[in-house]
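See below for the structure under consideration.
Just so we're on the same page: letters track the sequence lines, and every chain starts at 1. Remember, predicted model here, so these are calculated numbers, not experimental data.
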Protein chains: 4
Amino acid sequence: MARTGARRARRYDPDRRTRILDAALDVMAEHGTAGTTHRTIAARADVPLGSVTYHFASLADLQAQAFARYVELQSATFEKLFEDVETHEQFVEVLVDLVHGGPARHRSAVLGFELHLAALRNPDLRVLTQAWTWESRAVLARFTGPGTAARLDALLEGMIMHALLAAEPEPREATRAAIVQTLGPATHTPRGDP
Amino acid sequence: MARTGARRARRYDPDRRTRILDAALDVMAEHGTAGTTHRTIAARADVPLGSVTYHFASLADLQAQAFARYVELQSATFEKLFEDVETHEQFVEVLVDLVHGGPARHRSAVLGFELHLAALRNPDLRVLTQAWTWESRAVLARFTGPGTAARLDALLEGMIMHALLAAEPEPREATRAAIVQTLGPATHTPRGDP
Amino acid sequence: MARTGARRARRYDPDRRTRILDAALDVMAEHGTAGTTHRTIAARADVPLGSVTYHFASLADLQAQAFARYVELQSATFEKLFEDVETHEQFVEVLVDLVHGGPARHRSAVLGFELHLAALRNPDLRVLTQAWTWESRAVLARFTGPGTAARLDALLEGMIMHALLAAEPEPREATRAAIVQTLGPATHTPRGDP
Amino acid sequence: MARTGARRARRYDPDRRTRILDAALDVMAEHGTAGTTHRTIAARADVPLGSVTYHFASLADLQAQAFARYVELQSATFEKLFEDVETHEQFVEVLVDLVHGGPARHRSAVLGFELHLAALRNPDLRVLTQAWTWESRAVLARFTGPGTAARLDALLEGMIMHALLAAEPEPREATRAAIVQTLGPATHTPRGDP
DNA sequence: TATGAATGAGCATTCATTCAT
DNA sequence: GATGAATGAATGCTCATTCAT
């Protein structure tokens, strides 16, 4: 039978919940929190409207769970970025990539800022931003020590935002220089600073 | 329903336009871009609804002009912050204040992030973010040189966001240390680096 | 131009508010409080949906105002019923008509019960039911004295409800007998009981 | 969203049907016909949503059966009220109690009016209102004769409604007077009038 | 048999915008 | 010029009902 129609009958559909969450993140990245509606999400997830309201008590609830999923996925991704880092140079290179990341990084970067802004007004979301901050600092601290990690974290956040908004990309060299300067002269060993 | 507040007849009201823009900024700071509507703004400005649509062609237009006003005011404010700075120590102190600014700074910081996020999706707003970035870097560069200014700008942005979201304020000492480290050892003279 | 179309442009339309209230009463009489929605009312009043929500802050508000209008109109109508009553017999006859009133009375009777039931759950509506009770007792008391008026009022209410629900109409004779018995032997004079 | 309350597995549950009906009556008494939904009823009966739709073909059906149960229970209760009545005075006293019944009577009174109003629009329910009217008149008639019973029935209905709505309870004396006057001078014997 | 998931229709309400006055 | 009324589109959400398991 025609299986490519507007919507196939999908009475049995586990992980629909998760699909909705991912669709919500997509929509939020594209249209911002303001443009995120039950209908847009439903369309993106290829799911009837009622399905979205069935699985989530409210739009705010859906948003919160989507952000939670984002932090969870992002933490894993972030961790993996540094998995194979063995030298100081590799570490720096990964960070530069992070800032200059192409469209692939775009989505997650935008979502990150969207989450930050949302958390500014919704204290319930603070646990997520705090978890995310703590997590990323912890990963960085394995290479730099805690103090430098916090500084680096802030610097990266600022540079990523600027990179997203810049008319033309800043040269990688400038980014690298900023990172190296922030890391300071002492950090030569790949893991931890004594 | 027709909600008629107690509103005095205001026959001659030359800076109503400006009052509306300021009200819009207030509302945006409080409720975010999403919660900013003609009605909320009109109520905040204590002006009839029709007045808002009369003075501005569309909500997007009003928003853009409000952001423009924000950048203009903010640039002046930022400039003034450094007016009396004469020593390296004073410079650092002003920057630390910037990050730990109390509720007074809160509004403008939130609006800054709101503008950044809006600009991410609306290219028309990029001229504003670019002007603002250029402007603040220029001011900083008077004390640090251009390269350091860019780094410092990014660091401050990241730290301000973290400060806004932190459960409990980070110690001023950590902030100061981050700034001092970013300024580097060479920057001793208050004005410009050779 | 075609003026009989689905909806004529009606930019200038005073007493639209009142028309909406009357439409609301019509709908409530026909479909009950449960079936009364913005949309049904708008359709009945031949007015766009937005017009209903523009003029009334909420559906509850609209309902309350409609009931208020009902009580107001009904009081006047009730009063007028007894305008020309001069003899005891005429008085009795008007009351019997009240109970056996045809479809013309049907609407108002149903609305009356609808209001009573609504007031049971919404204390704000109690002022209306109390005004209405007080008013009708006052009119009746002009012919019977206060004590009898209250009894009569209750009796009429019960009989009207039974008449509305009866499979086949009770004989006017029985109604008259009940009324006469309630009025008691003393009430001969058309106005007031000594 | 899937709201899973703490619900014990209830494998063998023979009178679940009845429990649902009683829950429906509770909900109807509290929130009115309008607020009576499958979900509210299920929650009140502490039963899964599917269980309500499983046992009853439609909401209208459930409502009708609930009303039927109400009439059945109410008839028995009403009958029992007069079981021990032996004198005229006792009879009057029971009737006065009926009107001034406290919160215990509140539920059934409200449900009675709810049923009457529903029957006004749904002819299927008329068999219930007629049965109920016939039944209560029959009980009363055992003490008064048929004519007086009908009058009394109407009077009681009106007085009960007024009592429910009155800001402050009318004095029992007035109620008693109304009843005594309606019973008339002849009714002295406890059972039947020849 | 019992039930959680699913869905389409409908509802109250908000809102940007237009327009007659 | 200024504004209250008006309106059509959209939004968050609820709900009766169906159905696969």
When you compare the protein's N or O atoms with those of nucleotides 9-13 of chain F, which come within less than 3.5 Å of each other, and at what distance?
from, atom 1, to, atom 2, distance (Å)
dG12(F), OP2, H38(A), N, 3.1
dG12(F), N7, R39(A), NH1, 2.8
dG12(F), O6, R39(A), NH2, 3.1
dC13(F), OP2, L59(A), N, 2.8

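In terms of modelled atom types and a separation under 3.5 Å, the side chain of R17(A) and the main chain of H55(A) share a donor-acceptor contact.
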**Request:** Applying side chain to side chain contact (heavy atoms under 4.5 Å, CB included), run through L25(C) and R107(C) and close with a yes or a no.
**Result:** CA-CA 9 Å; L25(C) 288 174; R107(C) 192 189 101 121; 3.9 Å; yes

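Aromatic ring pairs are classed by plane angle as parallel below 30°, tilted from 30° to 60° and perpendicular above 60°; the pair Y70(B) and F67(B) is perpendicular.
Rounding to whole angstrom units, NE2 of residue H55(B) and P of dA16(E) are separated by 17 Å. The distance from atom CD of Q63(D) to atom C1' of dT17(F) is 16 Å, rounded to the nearest whole Å. Atom NE2 in H31(B) sits about 16 Å away from atom C1' in dC15(E), given to the nearest Å. Residue Y54(A) contributes atom OH, which lies 15 Å from atom P of dA16(F) at whole-angstrom precision. Distance CG (D61(C)) to P (dT14(E)): 12 Å, rounded to an integer number of Å. Put simply, CG on L62(B) is 15 Å from P on dC15(E), counting in whole angstrom units. When rounded to the nearest whole Å, the span between CD1 of I20(B) and P of dA16(E) equals 14 Å. In this structure, the CZ atom of R17(C) is 11 Å from the P atom of dA6(F), given to the nearest Å.
Residues forming a side chain to side chain contact (heavy atoms under 4.5 Å, CB included) with R39(C) (at least two apart in sequence, or on another chain): T37(C), L49(C). For A23(B), the side chain to side chain contact (heavy atoms under 4.5 Å, CB included) test picks out I41(B), R44(B), A45(B), with sequence neighbours left out. In terms of the side-chain hydrogen bond (donor to acceptor under 3.5 Å, both in side chains) criterion, R126(C) has no residue partners (sequence neighbours excluded).
In secondary-structure terms, DNA chain F builds stems of at least 3 consecutive Watson-Crick or G-U pairs, each pair having both distances under 3.5 Å, at E:2-21 with F:2-21.
Comparing V52(A) and S51(D) by the nucleotide of DNA chain E whose heavy atom lies nearest to each, the residue mapping closer to the 5' end is S51(D).
Using a 4.5 Å heavy-atom cutoff, the side chains of F56(C) and Q63(C) are not in contact.
The salt bridge (charged side-chain N to carboxylate O under 4.0 Å, His left out) pairs that include a residue from residues 49-68 of chain D number zero, where partners must be two or more places apart or lie in different chains.
Here the closest heavy-atom approach between residue R121(A) and residue E30(B) is recorded as NE-O, 3.1 Å.
For dT7(F), one of the phosphate oxygens OP1 or OP2 lies less than 4.0 angstrom from a side-chain nitrogen or oxygen of R16(C).
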